[in-house]
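In what follows, residues are counted from 1 in the order of the sequence shown. Fair warning: this is a prediction, and the values are worked out from it, not measured in the lab. Scope of the values below: all heavy atoms of this structure, side chains included, with no hydrogens, waters or symmetry mates.
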Amino acid sequence: MTETKFPPFPHFWLFPAAVIAGLSFWAASHLGLSGALFVAWKGICVGLLTLCAGLAARDRNGWLLTALLALGTLGDVVLETSGIVIGGVAFLAGHLVSILLYLSNRRKEGGAVAVAIALAIPAVAFAITRDAGATVYATGLGGMAGAAWYSRFPRTLVATGALMFAASDLLIFAELGPLKDSVIPALTIWPLYLGGQTFIAYGVLRTLEVRKRNEDLHHRL
């Protein structure tokens with residue numbers, strides 16, 4: 001499966017719209033915005049990626065991508081309305097869907113690195129927090145990132161995005177502990193998260209579009 005020279009796919013315009021919404025939300029979040037507008041603004045960022053995936057979905061892989069992005073959108077919203085535990089459950093469910101998607105499209109090599117990633121992320125989370133709940137969540141997070149590395153989706157996009165997502169969550173844990181007085185988490189958590197989700201959605205959608213076009217060409221021949 002090629003990792004370059006992807007053709008355009010339908011509804012691509014939703015990607016720059018999501019990035020613009022995300023960057024503007026990040027700026028607004030530093031200006032003390034709160035309330036319903038804040039929650040809706042936050043939700044629309046990955047929500048636009050979810051819409052793009054849903055409009056482009058044609059098979060099980062496409063719907064799994066839509067589901068994992070929808071769960072990310074839900075997590076973004078309920079973190080603000082219902083707290084970190086329920087938000088974490090939504091994100092964990094998204095990680096489990098991601099693992100299913102990635103392992104359904106696995107490579108023949110890279111398993112050792114994938115396992116190392118899957119083990120390292122919860123180990124770092126435990127070292128930072130010494131919290132069982134955070135470690136359980138990070139186990140799903142690590143599994144998601146390791147499975148992304150092991151998948152046939154382009155590592156430069158999907159695995160990189162998954163690792164950015166993981167780094168964002170680890171910084172959330174660090175913000176509650178060793179980095180609680182640092183500005184680094186406030187400046188980096190949201191950009192890493194939004195960038196990670198965007199890379200994942202872009203890489204999977206592009207790859208599925210290439211696969212579909214190759215299948216259509218094969219049928220015409």
Side-chain angles (χ1 to χ4, degrees), residues 18 21-22 25-26 29 38-54 63-104 114 117-126 128-129 131-149 151 153 157-177 179 185-186 188-204:
F25 167 79
W26 180 67
S29 68
F38 179 84
V39 175
W41 200 340
K42 185 179 184 182
I44 200 172
C45 304
V46 178
L48 289 171
L49 299 179
T50 305
L51 177 61
C52 185
W63 290 116
L64 285 173
L65 175 65
T66 303
L68 73 89
L69 291 170
L71 287 164
T73 303
L74 177 63
D76 287 337
V77 172
V78 298
L79 274 176
E80 303 299 330
T81 60
S82 303
I84 191 169
V85 173
I86 298 178
V89 170
F91 280 116
L92 180 58
H95 298 331
L96 297 178
V97 174
S98 299
I99 292 169
L100 179 59
L101 170 64
Y102 299 147
L103 293 186
S104 296
I117 291 171
L119 294 176
I121 289 173
V124 171
F126 179 75
I128 293 172
T129 65
D131 181 81
T135 305
V136 169
Y137 170 81
T139 299
L141 179 67
M144 178 274 293
W149 181 270
S151 78
F153 297 114
L157 290 170
V158 177
T160 298
L163 290 170
M164 290 170 67
F165 194 140
S168 173
D169 279 351
L170 291 175
L171 280 167
I172 291 175
F173 295 147
E175 188 177 29
L176 302 174
L179 294 182
T188 58
I189 287 172
W190 180 257
L192 281 169
Y193 167 73
L194 178 66
Q197 292 280 47
T198 302
F199 276 27
I200 289 168
Y202 186 80
V204 173

**Message:** I need the minimum non-hydrogen distance between Ala134 and Thr129, along with the two atoms involved.
**Reply:** CB-OG1, 3.7 Å

**Message:** Evaluate Val46 against Tyr193 for side-chain contact (heavy atoms from CB on, under 4.5 Å), listing each step before the verdict.
**Reply:** CA-CA 10 Å; Val46 178; Tyr193 167 73; 3.6 Å; yes

**Asked** Quick check: does any side chain N or O of Trp190 sit under 3.5 Å from a backbone N or O of Gly22, one acting as donor and the other as acceptor?
**Response** yes

**Prompt:** Closest approach of Tyr102 and Ser151, non-hydrogen atoms and distance?
**Reply:** O-CB, 3.5 Å

**Message:** Nearest 0.5 Å, please: how far is CD1 in Ile172 from CG in Leu79?
**Reply:** 7.0 Å

**Item:** From CG (Leu69) to CG (Leu74), nearest 0.5 Å
**Value:** 12.5 Å

Please output the side-chain donor-acceptor pairs of residues 81-99 that fall under 3.5 Å, not counting sequence neighbours, one pair per line with the distance.
from	atom 1	to	atom 2	distance (Å)
Thr81	OG1	Val77	O	3.3
His95	NE2	Tyr137	OH	2.9
Ser98	OG	Gly94	O	2.9

**Prompt:** Which pair of heavy atoms, one from Leu141 and one from Phe165, lies closest together, and at what distance?
**Reply:** CD1-CD2, 4.0 Å

**Intermediate values then yes/no, side-chain contact (heavy atoms from CB on, under 4.5 Å), Ile117 and Leu163** = CA-CA 9 Å; Ile117 291 171; Leu163 290 170; 4.0 Å; yes

**Item:** Atom pair CG/CZ of Leu192 and Phe199 - distance to nearest 0.5 Å
**Value:** 10.5 Å

**Fill in**
dist Leu176:CG -> Ile128:CD1 (nearest 0.5 Å) comes out at 10.0 Å

**Message:** For Leu194 versus Cys45, what's the shortest heavy-atom pair and its separation?
**Reply:** CD1-CB, 4.2 Å

**Item:** side-chain contact (heavy atoms from CB on, under 4.5 Å) assessment of Thr50 paired with Thr66
**Value:** CA-CA 5 Å; Thr50 305; Thr66 303; 4.1 Å; yes

**Request:** Check for a donor-acceptor pair, side chain of Ser168 on one end and backbone N or O of Met164 on the other, with a separation under 3.5 Å.
**Result:** no

**Fill in**
Note: Trp41 and Ala21 closest approach over all heavy atoms is NE1-O, 3.4 Å

**Message:** What's the separation between atom CG in Asp169 and atom CD1 in Ile121, rounded to the nearest 0.5 Å?
**Reply:** 9.5 Å

**Request:** Identify the heavy atoms of Gly142 and Pro122 that sit nearest to each other, and give their distance.
**Result:** CA-CD, 4.4 Å

**Message:** Are more than 12 heavy atoms, taken from residues, nucleotides or ligands other than Ile44, located less than 6.0 Å from that residue's CD1 atom?
**Reply:** no

